[in-house]
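Worksheet: one structure, shown below.
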Amino acid sequence: MPGIDARQLLPIKQWPNFILLISPMIITFVLFLAGGNGITPAPGGMWLVSMMMIQMLVLVLKKGGISMLKRKPEGIVKMMNPACGIFSVPYGNGHDLTSKPSERLIFHFFTIVYLITHVVVAKLEVEEIIMPSIFILTIAMLSFGDVYRLKKQCFHGGMDVAISALIGLVGGGGLAFATGAIIPDKAAVFFSKNKQCPR
């Protein structure tokens with residue numbers, strides 16, 4: 001039997017979809033790598049803790065059996081498409097399939113608002129906003145590309161996107177302000193002023 005040519009496993013036309021499919025992993029890696037605060041993982045770590053808090057709160061809402069959050073059968077079938085790339089917190093037990101909102105969409109909206117809020121918290125000067133803007137724009141392109149793909153392929157109606165956006169905006173903004181206020185010396189704030197790499 002002839003061997004499989006690895007170049008044929010993922011055609012070049014599928015690369016954009018593949019990148020969007022794994023975008024939460026790429027974004028998480030970039031946030032920990034970038035750090036925003038020299039080489040310390042504190043900003044990325046606080047973002048992850050904040051994200052997990054919101055995701056667990058959403059899981060509690062879903063497990064509460066609120067009828068307006070339940071998806072219709074056709075919506076569940078659409079979500080079962082492998083292209084949807086289910087992104088669920090541990091112990092979710094498939095609630096991301098059967099109930100709104102989408103944890104993956106919340107991830108994207110939360111992350112963008114969290115980063116934008118940290119620009120405000122850091123009180124950057126106009127000339128200091130250029131690099132954070134490029135950084136946030138890169139993350140936003142990945143996020144909104146994935147949101148568009150999910151809206152088109154995975155959701156029956158627009159309520160998933162609307163509810164997810166609302167939770168992401170409120171949670172991301174609120175927790176970003178909280179981490180900026182609670183952690184001393186803004187050590188967990190992305191894009192802080194005059195950050196130097198440790199010597």
Side-chain angles (χ1 to χ4, degrees), residues 20-32 43-118 120-121 136 139-183 188-190:
L20 293 177
L21 192 65
I22 64 168
S23 61
M25 287 186 286
I26 295 171
I27 290 169
T28 301
F29 176 77
V30 167
L31 290 182
F32 271 96
M46 283 309 299
W47 163 81
L48 183 62
V49 169
S50 303
M51 169 66 64
M52 289 173 68
M53 288 169 58
I54 289 294
Q55 296 287 14
M56 294 309 283
L57 177 64
V58 168
L59 182 60
V60 168
L61 285 174
K62 287 182 175 189
K63 285 191 170 184
I66 301 169
S67 59
M68 66 180 256
L69 293 180
K70 295 291 180 190
R71 288 195 177 103
K72 295 178 180 176
E74 57 268 27
I76 295 173
V77 169
K78 224 174 171 188
M79 281 294 290
M80 291 172 76
N81 182 344
C84 295
I86 298 304
F87 176 84
S88 185
V89 295
Y91 315 111
N93 297 327
H95 285 282
D96 204 38
L97 280 176
T98 58
S99 302
K100 304 168 194 168
S102 165
E103 292 162 24
R104 189 176 176 110
L105 288 181
I106 290 171
F107 172 91
H108 289 306
F109 287 113
F110 178 94
T111 301
I112 295 301
V113 174
Y114 191 92
L115 292 173
I116 291 171
T117 304
H118 272 204
V120 175
V121 169
I136 292 172
I139 300 291
M141 286 193 317
L142 272 174
S143 290
F144 291 126
D146 196 30
V147 169
Y148 175 77
R149 180 187 69 83
L150 290 166
K151 171 69 177 79
K152 189 175 176 184
Q153 296 179 354
C154 306
F155 300 122
H156 186 77
M159 282 305 289
D160 255 301
V161 177
I163 296 171
S164 302
L166 181 63
I167 293 171
L169 294 173
V170 173
L175 287 174
F177 271 118
T179 57
I182 294 169
I183 308 297
V189 175
F190 285 93

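Phe29 pairs by the side-chain contact (heavy atoms from CB on, under 4.5 Å) definition with Leu33, not counting sequence neighbours. With sequence neighbours left out, the side-chain contact (heavy atoms from CB on, under 4.5 Å) criterion links Ile163 to Leu69, Lys100, Pro101, Met159, Ile167. Judged as a side-chain contact (heavy atoms from CB on, under 4.5 Å), and not counting sequence neighbours, Met141 has no contacts. Shown here are the side-chain contact (heavy atoms from CB on, under 4.5 Å) partners of Ile22, two or more places apart in sequence or in another chain: Phe18, Met25, Ile26.
Residues Gly44 and Phe190 come closest through the heavy atom pair N-CZ, 3.7 Å. Nearest heavy-atom pair across Gly45 and Phe32 is N-CE2, 3.6 Å. When all heavy atoms of His118 and Val189 are compared, the closest pair comes out as ND1-CA, 3.4 Å. Shown here for Ser50 and Thr179, the closest heavy-atom pair between the two residues is OG-CG2, 3.8 Å. Counting all heavy atoms, side chain and backbone alike, Arg104 lies closest to Pro24 at NH2-CD, 3.4 Å.
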Output a table of donor-acceptor pairs, distance under 3.5 Å, between side-chain atoms of residues 105-113 and any protein atom two or more places apart or on a different chain; print 'none' if there are none.
residue, atom, partner, partner atom, Å
His108, ND1, Ser143, OG, 3.1
His108, NE2, Asp146, OD2, 2.7
Thr111, OG1, Trp47, NE1, 3.3
Thr111, OG1, Phe107, O, 2.7

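We find the CD1-CG distance between Ile139 and Leu142 to be 6.5 Å, quoted to the nearest 0.5 Å. Rounded to the nearest 0.5 angstrom, Met52 CE and Ile54 CD1 are separated by 12.5 Å.
Leu31 has its side chain within reach of Leu115: a pair of non-hydrogen atoms, C-beta onward, lies under 4.5 Å apart. Side-chain contact between Ser102 and Lys151 is absent, with no heavy-atom pair separated by less than 4.5 Å.
Using a distance-only test at 3.5 Å, with no hydrogens or angles considered, no donor-acceptor pair links the side chain of Glu103 to the main chain of Gln55.
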